[in-house]
Amino acid sequence: MGIWPNASSIDGFILLGIFSHSQTDLVLFSAVMLVFTVALCGNVLLILLIYTDSRLHTPMYFFLSQLSLMDLMLVCNIVPKMAANFLSGRKSISFVGCGIQIGFFVSLVGSEGLLLGLMAYDRYVAISHPLHYPVLMSQRICLQIAGSSWAFGILDGIIQMVAAMSMPYCGSRYVDHFFCEVPALLKLACTDTSLFDTLLFACCVFMLLLPFSIIVASYARILGAVLRMHSAQSRKKALATCSSHLTAVSLFYGAAMFIYLRPRRYRAPSHDKVVSIFYTVLTPMLNPLIYSLRNREVMAALHKGLDRCKVGSKH
């Protein structure tokens with residue numbers, strides 16, 4: 001008996017992918033690979049800067065390092081397999097491989113959504129209660145926030161992975177997507193999935209709307225605090241610290257809500273695939289750029305690191 005109850009009933013799945021071998025699609029595939037490379041390098045660089053520069057050892061940058069780690073794992077879970085299938089012409093994925101990809105994908109997206117929500121609370125405390133910030137956002141609390149984001153995300157991932165892979169698949173093996181995603185996979189199940197669809201929708205509502213409500217509540221309070229500030233310089237500084245986070249939130253939640261909170265009758269596989277590319281590859285690339293290019297402290301740490309490399313190369 002294998003790990004999965006239905007592993008013996010089906011050899012695996014065929015991922016139809018998003019690209020054909022036309023000239024246009026070859027250009028698009030090259031663009032995706034370029035974005036993947038930038039996402040990989042950008043997130044690794046940001047993690048290294050945060051951990052090596054003592055000026056970045058603050059709660060905001062600790063959360064940012066966790067966000068970069070999630071983005072790094074997300075692109076590595078999806079893109080290498082997609083690229084291997086496209087370049088080799090074999091579009092298959094094993095049953096167990098599909099389950100692992102679902103588990104990682106759901107866990108990482110869920111964790112990232114929760115972390116973005118809790119990062120809004122961090123910005124609220126920093127702006128509205130600056131004197132109490134070191135106490136309210138102590139190292140222990142920061143670790144609890146990051147840990148709870150990972151824990152809830154992983155729990156969601158395990159629930160969805162086990163439920164999806166326990167379904168009987170006895171019909172078509174063709175998944176109309178470029179990776180194993182639960183809604184695309186459920187279309188192949190040869191049983192009534194309406195109960196699981198409802199469970200999936202409830203999980204998505206909880207994992208998206210709970211942190212999103214924290215974000216809305218935090219920014220409503222931040223706005224109130226900013227409007228009460230007398231100095232125009234203080235207002236500008238406060239809004240500048242929030243702009244990067246708001247941009248990241250808009251990109252992530254816009255794409256995730258479009259895919260998971262639409263009624264089923266409005267869904268089209270072609271739309272889902274394009275939007276999935278957006279938040280599985282494009283958002284992980286944009287996050288480090290948004291936070292570094294718009295942030296003086298990160299840019300200062302980068303310049304310091306480059307200067308250190310130049311000095312080292314001269315000796």
[X] with [Y], same ILVMFWY side-chain cluster at under 4.5 Å:
X	Y	result
L223	L246	no
L26	F29	yes
V27	L282	no
L115	V216	yes
L16	M82	no

Would you confirm whether [X], through its side chain, and [Y], through its main-chain N or O, come within 3.5 Å as a donor-acceptor pair?
X	Y	result
K91	I14	no
S68	V44	no
T193	F196	no
H177	L15	no
Q66	A146	no
S65	F62	yes

Distance-minimising heavy-atom pair for [X] and [Y]:
X	Y	result
S149	L118	OG-CD1, 3.5 Å
G157	V106	CA-CG1, 3.6 Å
G113	P211	O-CB, 3.3 Å
F86	F19	CE1-CB, 3.6 Å
A189	M167	CB-CB, 4.3 Å
I102	M165	CD1-SD, 3.9 Å

Residues in disulfide (SG to SG under 2.5 Å) with C41, at least two apart?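 None.
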Are any non-hydrogen side-chain atoms of [X] and [Y] less than 4.5 angstrom apart?
X	Y	value
F104	M161	no
V35	I277	no
I93	F179	no
I47	L72	yes
T191	Y169	no
D156	S111	no
L116	H245	yes
Y61	V298	yes

Is [X] atom [atom1] crowded by more than 12 heavy atoms from other residues, nucleotides or ligands, each under 6.0 Å away?
X	atom1	result
L195	CG	no
F212	CZ	no
R55	CZ	yes
Q139	CD	no

How many angstroms lie between atom [atom1] of [X] and atom [atom2] of [Y], to the nearest 0.5 angstrom?
X	Y	atom1	atom2	value
F63	M119	CZ	CE	8.0 Å
L186	L200	CG	CG	6.5 Å
D176	L185	CG	CG	12.0 Å
L251	N287	CG	CG	7.0 Å
E181	F105	CD	CZ	5.0 Å
R228	S128	CZ	OG	7.0 Å

With sequence neighbours excluded, what pairs up with [X] under the side chain to side chain donor-acceptor pair (under 3.5 Å) test?
X	result
Y174	none
N77	none
E112	none

Chi angles and distances behind the side chain to side chain contact (heavy atoms under 4.5 Å, CB included) call for K81, F178: CA-CA 9 Å; K81 180 62 181 170; F178 60 89; over 6 Å; no
Please report, to 0.1 Å, the donor-acceptor pairs under 3.5 Å made by any side chain of residues 130-138, with sequence neighbours excluded.
residue, atom, partner, partner atom, Å
Y133, OH, D122, OD1, 2.5
S138, OG, I141, N, 3.4

Other than F152, what residues sit in its cluster of Ile, Leu, Val, Met, Phe, Trp and Tyr side chains whose heavy atoms are under 4.5 Å apart, directly or through others? L114, F206, M207, L210
I18 vs L28, test: side chain to side chain contact (heavy atoms under 4.5 Å, CB included). Steps then yes/no. CA-CA 10 Å; I18 194 170; L28 289 172; over 6 Å; no
Go through the steps for W150 and L69 under the test side chain to side chain contact (heavy atoms under 4.5 Å, CB included), then give the verdict. CA-CA 11 Å; W150 281 103; L69 182 61; 3.9 Å; yes
Please lay out, stage by stage, how I78 and V281 fare under the test side chain to side chain contact (heavy atoms under 4.5 Å, CB included). CA-CA 8 Å; I78 304 292; V281 190; 5.6 Å; no
